Amino acid sequence: MEPKTKKYTINRSIKPEASEGSAVILEDQKPLSQSMVWKLQADFYANQGPEAWIKGIVPQYITTNPYIATLYARTVFGYCRDIAASDAFDKNTTIYIMELAAGVGRFTYTFLKRFLHMVENSSLKGLKFQYIITDLAERNAAYWQNHSYLKPFFERGILDCAVFDMAKEEELRLRNSGRVIRKGSLKNPLILFANYTFDSIPQDTFYVNKGKLHEGLITVTSNNGQDELKDKSILAGKDYFYTDKQIPGSGYYEDAHFNDILLYYKACLEDTAFSLPITALRCLRRLKELFDDDLVLISADKGYRNTASMDKNYHPYLSKHGSISLTVNFHALELYFKSLGGSAIHSIYEHENITMSLFLLSNRSHDFLETKMAYQEIIEGIGPDDFYILKKAVVPFNKSLTTKELLTFIRYTVWDARTFLEFYNSLLERIAKEEDFPKDELVSVIYKVWEYYFPIGEEGNLFYCLATLLGYFGYDTDAIRLFESSLEFYGEDAGIYYEIALCYYNLQEFEKAMEFIKKSLLLNPEFEESINLKDLIGEVTH
């Protein structure tokens with residue numbers, strides 16, 4: 001028997017009760033890609049800006065952790081080796097890497113750290129590349145340019161950014177350099193990242209039955225405030241349902257390639273609805289023209305990779321998490337790339353959370369052997385979804401693991417900050433109690449976690465945790481740097497000022513220690529630890 005395929009959409013349904021009688025129709029029978037929900041979506045991201053991720057409203061961990069960034073870096077490194085091996089490759093050519101809907105930039109930072117390490121320690125040292133981070137929200141672009149961890153990359157010229165609307169932009173206006181990339185202005189390859197991206201932009205939906213193709217039209221209604229207190233998403237106070245309308249002819253879209261995809265599904269599906277990532281397809285069409293049909297796409301999202309996973313599905317369910325998201329039809333993207341002479345490789349296993357797919361399109365005359373080899377190793381091994389499943393299984397048992405096992409697992413995660421925070425209390429409890437505690441190994445892990453961490457000021461102050469451990473082990477100078485980062489991203493705090501003063505006291509820099517004690521007591525005149533340290537310094541210096 002075939003294993004049951006994971007379903008991402010709802011079963012066949014009827015109109016919600018709220019849509020009959022007293023409910024107000026807010027929008028009646030629109031193609032899904034033209035629905036009002038996408039205006040609500042754009043407004044949400046524009047208004048929230050970085051806060052959508054800082055407050056944890058929008059999920060991001062599974063596509064921004066160091067493990068997935070490393071997998072992407074390995075794949076891109078393989079692609080660059082393929083490009084560089086070509087006799088026609090001009091060493092002065094800049095390879096562009098572009099990230100769509102980058103949010104706060106956590107993946108950007110971690111990828112650059114991992115990829116630069118690979119390039120600078122290999123035969124590709126000196127390779128010219130530029131990473132372009134993009135998003136629709138203006139506030140996100142301003143956040144990147146002002147983030148202290150990204151500034152060194154901007155200053156080196158290996159990072160630039162742009163506000164980019166996937167629904168309509170035909171050029172890239174780079175904010176840091178001021179350069180505008182237009183069609184026909186370059187013949188450089190583009191490596192494109194789309195993580196948790198295509199699920200959050202307009203799609204269309206269709207239904208096939210008895211050889212007839214129907215468009216799925218969405219109707220949005222008010223639900224008279226039902227569940228509004230529980231629902232904090234952009235659909236709060238709203239319901240929706242779909243109506244099928246038969247499509248005459250075969251020219252639904254402006255692009256013959258898109259219509260061919262519809263005809264393919266019309267011929268092979270029965271009593272099944274399928275979505276089409278139309279905004280993603282149009283965006284890819286414009287980008288391939290911008291970069292002269294030389295495009296590599298790596299995407300991780302909840303998605304379908306074949307027709308079997310769509311069988312007997314109904315129209316898309318709009319998942320709510322502040323914003324909304326839909327499952328992505330990666331199979332349709334594969335059909336598009338193949339229609340252009342390209343290819344696609346998907347994960348070989350069904351996954352619970354996200355599917356990672358690679359799409360290749362090039363006018364170059366080689367087979368991308370290094371790229372495919374790197375990617376095959378990823379999808380046949382522990383991919384990003386497998387990593388997430390393992391992590392969720394291991395973390396709850398952290399207290400029963402040995403210290404060696406905890407530190408080994410943190411290394412396995414590529415020094416993931418979230419995992420370190422989840423293990424922090426267990427490690428802290430063992431330092432004084434455990435005989436032969438592996439101090440040097442823990443210190444090494446601390447520095448690596450720090451190296452790959454991109455702070456945004458979210459819940460859980462990693463800087464404080466790392467700094468207190470380094471201070472305990474006598475690394476006061478670096479502990480001060482971490483406490484100062486805590487002040488930068490979490491604001492002034494009497495306790496943090498005290499910790500910095502204590503580090504300076506340990507370094508016998510009493511004047512500096514008193515400087516921070518004063519700052520601590522200014523915020524909280526009754527802060528006992530600072531009062532005691534002030535008295536102690538007074539005794540030592542007089």
Side-chain angles (χ1 to χ4, degrees), residues 53-54 60-61 64-70 73 104-118 120-121 144 146-156 159 387 391 395 398 403-404 406-428 430-431 437-491 493 495-497 499-500 502-504 506-507 516:
W53 293 270
I54 294 170
Q60 64 162 322
Y61 174 76
T64 62
N65 62 73
Y67 189 89
I68 191 173
T70 300
V104 284
R106 175 163 280 167
F107 176 87
T108 304
Y109 176 81
T110 313
F111 172 86
L112 284 173
K113 295 284 286 188
R114 299 299 294 165
F115 184 63
L116 278 168
H117 175 76
M118 294 177 187
E120 292 174 355
N121 292 277
W144 307 325
N146 291 308
H147 200 293
S148 60
Y149 278 50
L150 292 178
K151 277 187 177 180
F153 297 123
F154 280 116
E155 290 168 357
R156 289 175 60 182
L159 177 63
F387 162 76
K391 181 183 177 301
V395 167
N398 72 87
T403 302
K404 183 72 174 178
L406 291 177
L407 296 177
T408 298
F409 189 74
I410 293 172
R411 287 200 306 273
Y412 166 75
T413 67
V414 197
W415 302 286
D416 173 49
R418 179 180 289 195
T419 305
F420 185 90
L421 281 173
E422 290 164 335
F423 289 176
Y424 174 71
N425 288 331
S426 293
L427 291 168
L428 196 63
R430 301 178 189 192
I431 291 174
F437 184 87
K439 167 199 158 186
D440 292 341
E441 190 173 344
L442 174 57
V443 169
S444 175
V445 165
I446 288 170
Y447 278 106
K448 283 293 187 180
V449 170
W450 183 8
E451 180 181 358
Y452 293 113
Y453 176 58
F454 183 77
I456 59 174
E458 76 269 55
E459 184 179 356
N461 190 339
L462 177 74
F463 291 124
Y464 177 82
C465 297
L466 297 179
T468 51
L469 289 174
L470 286 183
Y472 180 85
F473 292 128
Y475 296 86
D476 290 288
T477 301
D478 286 334
I480 290 170
R481 291 173 57 200
L482 284 162
F483 283 129
E484 288 174 342
S485 291
S486 175
L487 294 173
E488 178 185 353
F489 289 96
Y490 292 92
D493 181 88
I496 297 297
Y497 281 134
E499 295 287 355
I500 295 175
L502 183 60
C503 289
Y504 278 119
N506 292 334
L507 293 167
F516 283 92

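Because the structure is a prediction, the values reported are computed rather than measured. Index from 1, following the sequence.
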Is atom OH of Tyr464 surrounded by more than 12 heavy atoms (other residues, nucleotides or ligands) closer than 6.0 Å?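 Not buried by this count: 12 neighbours or fewer within 6.0 Å.
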Once the angle between the rings of Trp415 and Tyr452 is folded into 0 to 90°, is it parallel (under 30°), tilted (30 to 60°) or perpendicular (over 60°)?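 Rings of Trp415 and Tyr452: parallel, as their planes differ by under 30°.
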How are the rings of Phe454 and Tyr109 set relative to one another: parallel (under 30°), tilted (30 to 60°) or perpendicular (over 60°)?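 Ring orientation, 0 to 90° scale: tilted.
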Which atom of [X] lies closest to which atom of [Y], heavy atoms considered:
X: Pro455; Y: His147; result: O-NE2, 2.7 Å
X: Pro66; Y: Thr110; result: CA-CG2, 3.6 Å
X: Ser486; Y: Asn461; result: OG-ND2, 2.9 Å
X: Ala69; Y: Phe107; result: CA-CE1, 3.7 Å
X: Arg430; Y: Leu406; result: NH1-CD1, 3.7 Å
X: Thr403; Y: Pro438; result: CG2-CG, 3.7 Å

Taking the basic N atoms (NZ, or NE/NH1/NH2) and the acidic carboxylate oxygens, is any pair closer than 4.0 Å for [X] and [Y]?
X: Glu451; Y: Lys448; value: yes
X: Arg106; Y: Glu458; value: yes
X: Arg411; Y: Glu441; value: yes

Do [X] and [Y] have side-chain heavy atoms sitting under 4.5 Å apart?
X: Tyr149; Y: Ser485; answer: yes
X: Thr108; Y: Leu112; answer: yes
X: Thr419; Y: Asn65; answer: no
X: Leu466; Y: Phe420; answer: yes
X: Lys391; Y: Tyr61; answer: yes
X: Ile456; Y: Phe489; answer: no
X: Ile446; Y: Tyr475; answer: no
X: Val443; Y: Tyr447; answer: yes

Calculate, to the nearest 0.5 Å, the distance between atoms [atom1] and [atom2] belonging to [X] and [Y] respectively.
X: Tyr67; Y: Arg114; atom1: OH; atom2: CZ; result: 11.5 Å
X: Glu484; Y: Cys503; atom1: CD; atom2: SG; result: 10.0 Å
X: Arg418; Y: Ile410; atom1: CZ; atom2: CD1; result: 14.5 Å
X: Glu499; Y: Leu487; atom1: CD; atom2: CG; result: 11.0 Å
X: Leu470; Y: Asp476; atom1: CG; atom2: CG; result: 9.0 Å
X: Ile431; Y: Lys439; atom1: CD1; atom2: NZ; result: 10.5 Å

Residues Leu116, Phe153; criterion side chain to side chain contact (heavy atoms under 4.5 Å, CB included); working and verdict: CA-CA 11 Å; Leu116 278 168; Phe153 297 123; 3.6 Å; yes
Counting distance only, does the side-chain N/O of Ser444 pair as donor-acceptor with the main-chain N or O of Asp440 below 3.5 Å?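 It does not hold such a pair.
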Is it true that the side chains of Asp416 and Thr413 contain a donor and an acceptor less than 3.5 Å apart?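 No - no donor-acceptor pair under 3.5 Å links their side chains.
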I would like to know whether Phe437 and Leu442 meet side chain to side chain contact (heavy atoms under 4.5 Å, CB included); could you show each step before the answer? CA-CA 9 Å; Phe437 184 87; Leu442 174 57; 3.6 Å; yes
Going through the distances and angles, do Ser148 and Glu488 end up as a side chain to side chain donor-acceptor pair (under 3.5 Å)? CA-CA 9 Å; Ser148 60; Glu488 178 185 353; 2.7 Å; yes
Stepwise side chain to side chain contact (heavy atoms under 4.5 Å, CB included) test for Asp478 and Trp450: CA-CA 11 Å; Asp478 286 334; Trp450 183 8; 4.0 Å; yes
Tell me whether the centres of the aromatic rings in Phe409 and Tyr412 are closer together than 6.0 Å.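 Between Phe409 and Tyr412, the centre distance is under 6.0 Å.
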Taking the six-membered ring where the residue is Trp, are the ring centres of Phe483 and Phe463 under 6.0 Å apart?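 Not under 6.0 Å, so no.
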